[in-house]
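Numbered from 1 within each chain, the chains take letters A, B, ... in sequence-line order.
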Protein chains: 2
Amino acid sequence: MLTPAQQRTLDFIRQYYAREGFAPTLAEITLGLGISSKGSMHKQVQALAEAGAIHLTPGRKRGIELIDEVESQALTIPLLGRIAAGHPIEAIPDQENLNIAEFLLGPGRFALLVQGDSMIDAGILDGDTVIIRRQETADDGDIVVALIDDESATLKRFHRRVGNKLELAPENKSLRPLVFEAHRVRIQGVLVGQLRTY
Amino acid sequence: MLTPAQQRTLDFIRQYYAREGFAPTLAEITLGLGISSKGSMHKQVQALAEAGAIHLTPGRKRGIELIDEVESQALTIPLLGRIAAGHPIEAIPDQENLNIAEFLLGPGRFALLVQGDSMIDAGILDGDTVIIRRQETADDGDIVVALIDDESATLKRFHRRVGNKLELAPENKSLRPLVFEAHRVRIQGVLVGQLRTY
DNA sequence: GAGGATAGAGAACATTAGGAGAACATTCAA
DNA sequence: TTGAATGTTCTCCTAATGTTCTCTATCCTC
């Protein structure tokens, strides 16, 4: 069971690794998390290693290795091909199976049931399930789950605005974007998937 | 069994854990449930531990661990609750995990990649994956994969028309429904799911 | 009403987690 | 070979947090 600081650290290492292709240094982690002591960070990283979340090669620079999560079990469905109105189904070479687990499961993800039509123009309907990856920051244009005033949650498209303000825009022509001071909004995660059953 | 207050507490802990990746503090639970005494909450949490619903590490901060019904953990994703613009995330009773497998997989199912915008008003966008169950008949109003003249395939909404005719209707205001003699159309399957990744 | 079970308030206290920062050791690339 | 970059090991600090009390207030059943 990870502590909050450990979880933040792990999330940062994962993101860094995904972005750069190699592990961060202690100094980079401290910087990324707004801490100033790499000694303290060393403690965190050690704790992560003991918890089995990462593997460390002592002394080595950038010596952090991520430990693969439980291998995603085979959860595949045959992918027949591409369908476009008015054409035959076109087979997709070298990809006869779709691994759903790989698409939707992963560390730090959770699902939410969407209620309401505010994202309908983005193809997210009332009753759909969305898959969210937990993270506290977002890029401009991401669809995020945001907590406003630590109270009401909402799924909206995220934009930065001048003057330390944020815009949360629904994808529905009949609704208007909302603009908030940055400090009132806490991002809880970004949309990584969506699914629906009939 | 659990008392109502214990159930509320457990639900909150589950939701918090899925969202944050670590357990809440007593103070956070009390706050989340609208209570003001962490001493009382301590009692609740102790009771939950005795009931076997959670595991506690005494003295430790955020020392609550959820007890997994391990099962097919690799195939499930925590379902936090229902999100509606402007409300807190509302927990869904008795459904804290979503099993992706049973959600989308099943006998006789296959996937297709959608190309084009002909079903956009049904929330099916260009690039989405749809899950189809193989069957040769369909009910009025189903969305089906149909083969026309044994040649071109298409994903459309299916309607019966008088005179042994069938209508295949796109869900896109700028496109018109097509009507065929029944013998020209062969239904290959009906839409049972849809998914999208970002 | 008595008595138990359940909820909660709130105060006092003890411990932990997270962090600062200095000093030192090691790695690695030029 | 060498020095900057980076990891390691300390010691110290403190706010955040768990623990333990004692009191109240409802319910419910008998």
Side-chain angles (χ1 to χ4, degrees), chain A residues 1-17 19-67 108 134-136 150 186, chain B residues 1-17 19-67 91 93:
Chain A
M1 186 67 100
L2 303 184
T3 66
Q6 287 167 19
Q7 188 67 57
R8 275 197 302 275
T9 304
L10 182 58
D11 284 348
F12 179 86
I13 294 171
R14 283 207 180 108
Q15 267 182 272
Y16 186 101
Y17 196 87
R19 194 175 58 235
E20 304 290 341
F22 47 83
T25 66
L26 290 178
E28 284 167 340
I29 304 175
T30 55
L31 209 134
L33 295 179
I35 297 172
S36 76
S37 161
K38 56 179 179 157
S40 305
M41 183 48 63
H42 183 251
K43 250 194 311 190
Q44 299 292 348
V45 169
Q46 287 294 336
L48 278 176
E50 271 178 41
I54 59 174
H55 179 257
L56 282 181
T57 309
R60 188 154 168 201
K61 295 187 180 182
R62 301 179 186 274
I64 300 174
E65 287 175 64
L66 290 170
I67 295 192
R134 180 181 62 242
Q135 60 185 62
E136 292 169 9
D150 274 334
R186 243 181 69 211
Chain B
M1 264 343 265
L2 301 183
T3 66
Q6 285 168 15
Q7 190 62 57
R8 277 197 302 275
T9 304
L10 183 58
D11 285 348
F12 180 86
I13 294 170
R14 282 220 178 91
Q15 197 188 64
Y16 187 101
Y17 187 80
R19 181 160 37 94
E20 304 290 343
F22 45 83
T25 67
L26 292 178
E28 284 166 340
I29 304 175
T30 55
L31 211 137
L33 296 180
I35 298 172
S36 77
S37 162
K38 56 178 178 158
S40 308
M41 184 47 64
H42 184 250
K43 253 192 309 189
Q44 298 291 348
V45 168
Q46 287 293 337
L48 278 176
E50 272 177 40
I54 60 174
H55 179 257
L56 281 182
T57 309
R60 187 149 172 210
K61 293 187 182 182
R62 301 175 187 272
I64 300 173
E65 285 179 62
L66 292 168
I67 302 204

Mark yes or no for whether Thr57(B), through its side chain, and Arg60(B), through its backbone, hold a donor-acceptor pair below 3.5 Å.
no
Quick one, which residues of residues 53-64 of chain B touch DNA chain C with a heavy atom under 4.0 Å?
Gly59(B), Arg60(B), Lys61(B)
So do Met41(B) and Val45(B) actually touch side chain to side chain, heavy atoms under 4.5 Å?
yes
Check salt bridge (charged side-chain N to carboxylate O under 4.0 Å, His left out) between Arg134(A) and all other residues, then give those that pass, not counting sequence neighbours.
Asp11(A)
Taking all non-hydrogen atoms of both residues into account, name the closest pair between Ile67(A) and Gly52(A) and its distance.
CD1-O, 3.5 Å
One should read off an interatomic distance between Leu26(B) CG and Lys61(B) NZ, to the nearest 0.5 angstrom, of 12.0 Å
The criterion is salt bridge (charged side-chain N to carboxylate O under 4.0 Å, His left out); which residues satisfy it with Glu65(B), sequence neighbours excluded?
none
Just to verify, what does His42(A) make a side chain to side chain donor-acceptor pair (under 3.5 Å) with, not counting sequence neighbours?
Gln46(A)
Can you list every pair that meets salt bridge (charged side-chain N to carboxylate O under 4.0 Å, His left out) and has a residue in residues 21-50 of chain B, with sequence neighbours left out?
Glu28(B)-Arg62(B)
Please give me every residue in residues 42-52 of chain B whose heavy atoms get under 4.0 Å of an atom in DNA chain C, ordered by residue number.
Lys43(B), Gln44(B)
If I take atom CD1 from residue Ile29(A) and atom CD1 from residue Ile13(A), how far apart are they, to the nearest 0.5 angstrom?
4.0 Å
In Å and rounded to the nearest 0.5 Å, what is the CD1 to OH distance from Ile64(B) to Tyr16(B)?
10.5 Å
Enumerate the residues from residues 23-40 of chain B whose closest heavy atom to DNA chain D is under 4.0 Å, giving them by residue number; use none for an empty result.
Thr25(B), Leu26(B), Lys38(B), Gly39(B)
Listed by chain and number, what are the side chain to side chain donor-acceptor pair (under 3.5 Å) partners of Ser37(A), not counting sequence neighbours?
Ser40(A)
Got a second to check how far Thr9(B)'s OG1 is from Ile35(B)'s CD1, nearest 0.5 Å?
6.0 Å
Report for the helix from dG1(C)-dC30(D) to dA30(C)-dT1(D): angle between first-end and last-end helix axes, five pairs each, rounded to 10 degrees.
50°
Give the C-alpha distance, both sets of side-chain angles, the deciding distance and a yes or no for side-chain contact (heavy atoms from CB on, under 4.5 Å) between Leu56(B) and Leu48(B).
CA-CA 9 Å; Leu56(B) 281 182; Leu48(B) 278 176; over 6 Å; no
Quick check for you: name the first and last nucleotides of DNA chain C, 5' to 3', having an atom under 4.0 Å from a heavy atom of chain A.
dG18(C) to dC28(C)
Tell me every residue that passes side chain to side chain donor-acceptor pair (under 3.5 Å) with Thr30(B), counting only those two or more places apart in sequence or in another chain.
none
I'd like to check the side chain to side chain donor-acceptor pair (under 3.5 Å) partners of Tyr17(B); sequence neighbours left out, ordered by chain and number.
none
